There are 2 protein chains.
Amino acid sequence: MARTVDPERYAARRLAIIDAALTVFAERGYDGATTAAICRQAGIGSGTFFHYFPTKRDVLLAILRLGIEDVRERAARYAGRTDPLGVLLDIVAEHAQDAADPRMPGFVRAVGGIMTQPDVAELLREDTEVQHALLRPWVEQGQRAGAVRTDLPASRIVSWLYLLTDGFLGQAASDDGFVPADEAEVLVDTARRFLAPWSGIAP
Amino acid sequence: MARTVDPERYAARRLAIIDAALTVFAERGYDGATTAAICRQAGIGSGTFFHYFPTKRDVLLAILRLGIEDVRERAARYAGRTDPLGVLLDIVAEHAQDAADPRMPGFVRAVGGIMTQPDVAELLREDTEVQHALLRPWVEQGQRAGAVRTDLPASRIVSWLYLLTDGFLGQAASDDGFVPADEAEVLVDTARRFLAPWSGIAP
DNA sequence: CAATTATTAGAGCAGCCACTCCAACAATGC
DNA sequence: GCATTGTTGGAGTGGCTGCTCTAATAATTG
């Protein structure tokens with residue numbers, strides 16, 4: 001018999017489909033991305049597509065899950081650090097790098113277009129949860145060390161950091177003159193200004 | 001004969017359809033919003049719908065055009081002012097108020113989901129153009145007066161202000177704990193911090 | 001090599017949805 | 001009242017798309 005022919009080949013094909021779908025989603029939005037177009041991009045037939053994923057939406061969910069996994073792995077890399085402000089700024093900078101993938105903004109928009117669907121919303125909730133879990137301890141540590149403003153609770157500060165990186169993605173998506181690589185520096189500086197303990201009124 | 005029965009009634013009906021469509025777009029996204037659902041929301045038949053708009057997308061475009069018009073009118077209100085920084089912060093605050101309409105974030109996402117369509121992209125370009133035209137003179141004036149940082153060119157500063165307000169909308173859309181009315185103050189303060197001439201390193 | 005099962009392709013189908021079409025109605029002018 | 005034209009509703013349709021089904025092929029085991 002032949003149980004699983006080649007697990008690596010299987011996984012690779014699966015990833016290839018995911019990659020193709022990511023491209024098409026980013027280009028045309030979720031509904032605009034027909035399964036036929038995804039198959040064409042991946043160089044496969046529709047039969048193959050539905051052999052790997054039961055549903056078109058499942059591909060999108062798989063992409064989201066990969067992203068969540070990525071954040072989880074990321075969190076581990078900051079474990080030993082002792083400079084909370086530095087960690088926060090590094091995380092923000094990392095987000096800026098993510099925005100460099102030209103498909104990223106388009107994909108984010110595509111997801112936004114269907115985030116009313118319960119299963120998508122569920123995964124997005126999990127994503128923000130993970131992001132908050134990553135950021136929050138460092139914010140709190142920074143507040144205790146006096147390196148981060150304390151006029152806002154940690155959870156709201158996290159929301160605002162998220163707002164900055166999210167807005168950064170969005171701007172990269174819609175503004176052609178906005179080059180992520182060039183603006184990354186400004187993003188970090190803006191985050192620094194936002195986190196600073198002193199008020200914005202005067203230095 | 002009967003040329004135009006009642007122009008006001010016509011305009012009102014048209015606006016009613018636009019309003020209903022805005023609601024459904026915000027709730028379900030563009031593709032998720034079926035014309036049937038919009039008609040139900042508006043309390044009309046599909047015949048009426050297509051009597052007022054040739055296409056579903058035309059309703060969305062009409063909504064965008066109303067928004068652009070709104071920004072244009074807004075610009076006039078700031079004409080006589082002499083405090084550039086104050087004007088910029090007022091404009092930012094006004095954006096925060098816009099985000100209070102619970103349909104706004106959803107609609108923005110819906111538009112984002114199909115902004116790859118040429119005609120939609122065209123109108124969005126016009127929208128950003130108008131927004132830039134509104135902000136930029138005040139940024140430049142502020143720079144000359146020493147009230148706004150000069151380490152970035154005016155156009156990039158405008159992009160970043162746009163990023164802040166856009167991110168604000170997005171956060172209001174995705175984060176349930178993010179109450180626009182409560183966060184408006186922080187938005188203005190963050191804009192102030194961002195615009196400040198001194199560096200973010202130390203006060 | 002034979003047997004079994006995973007994998008692949010693509011033709012076809014069922015359902016949905018934007019939009020059309022027509023018939024009835026309302027409002028105006030004569 | 002009659003004619004004309006703007007307005008409204010809803011049944012119907014054509015096209016598209018996600019997905020199924022079948023049959024052929026490749027890979028693996030004994």
Side-chain angles (χ1 to χ4, degrees), chain A residues 1-22 24-25 27-63 110-111 113-114 116-120, chain B residues 1-22 24-25 27-63 110-111 113-114 116-120:
Chain A
M1 345 157 180
R3 275 289 153 87
T4 28
V5 181
D6 189 344
E8 287 185 25
R9 184 187 169 84
Y10 184 90
R13 258 257 204 253
R14 201 184 128 94
L15 270 181
I17 294 176
I18 284 183
D19 191 72
L22 178 61
V24 183
F25 283 149
E27 269 173 10
R28 313 200 200 177
Y30 178 76
D31 290 275
T34 63
T35 54
I38 297 174
C39 290
R40 213 176 310 124
Q41 172 77 22
I44 59 174
S46 70
T48 309
F49 180 91
F50 286 101
H51 177 70
Y52 283 86
F53 296 94
T55 287
K56 179 173 123 178
R57 187 181 307 152
D58 277 291
V59 188
L60 188 126
L61 297 180
I63 298 177
V111 173
I114 57 157
T116 45
Q117 312 281 345
D119 42 7
V120 178
Chain B
M1 336 157 185
R3 275 288 150 91
T4 30
V5 180
D6 189 343
E8 288 185 28
R9 184 188 170 84
Y10 185 88
R13 258 262 207 252
R14 201 184 127 93
L15 271 182
I17 294 175
I18 284 184
D19 191 73
L22 178 61
V24 183
F25 283 149
E27 269 173 10
R28 314 199 199 176
Y30 178 77
D31 290 275
T34 64
T35 53
I38 297 175
C39 291
R40 214 176 309 127
Q41 173 78 24
I44 60 174
S46 70
T48 308
F49 179 91
F50 287 101
H51 177 70
Y52 284 86
F53 296 95
T55 288
K56 179 173 122 179
R57 187 180 307 151
D58 278 291
V59 188
L60 188 127
L61 296 180
I63 298 177
V111 173
I114 59 157
T116 46
Q117 311 281 346
D119 43 6
V120 178

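Just so it is clear: chains get the letters A, B, ... in the order the sequence lines come, proteins before strands, and each one is counted from 1. Computed from a prediction, not measured in an experiment: that's the story for all the values here.
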Residue A:R9, side-chain atoms from C-beta onward, closest of D:dT8, D:dT7, C:dT8:
C:dT8
A:S46 has a side chain; which of D:dT20, D:dT8, C:dT8 sits nearest to it?
D:dT20
Which whole-number value in Å describes the distance from A:Y52 OH to C:dA6 C1'?
9 Å
It should be established whether A:T35 places a side-chain nitrogen or oxygen under 4.0 Å from OP1 or OP2 of nucleotide D:dC19.
no
Take the protein atom CZ of A:F50 and the nucleotide atom C1' of D:dC21, then report the distance between them rounded to whole Å.
13 Å
Is the phosphate of C:dT8, meaning OP1 or OP2, less than 4.0 Å from a side-chain N or O of A:H51?
no
Can you tell me the distance, in whole Å, between the NZ atom of B:K56 and the C1' atom of C:dC17?
8 Å
C:dA18 C1' sits how many Å from B:R40 CZ, rounded?
15 Å
Is any N or O donor-acceptor pair between the side chain of B:T34 and the base of C:dA18 shorter than 3.5 Å?
no
Taken to the nearest whole Å, CG/A:D58 to C1'/D:dC19 is 13 Å
Flag this pair as yes if the NZ/CZ of B:K56 is under 6.0 angstrom from the six-membered ring centre of B:F49 and inside a 45 degree cone about the axis; otherwise no.
no
Is B:R13 near enough to D:dT8 that one of its side-chain N or O atoms lies under 4.0 angstrom from OP1 or OP2?
yes
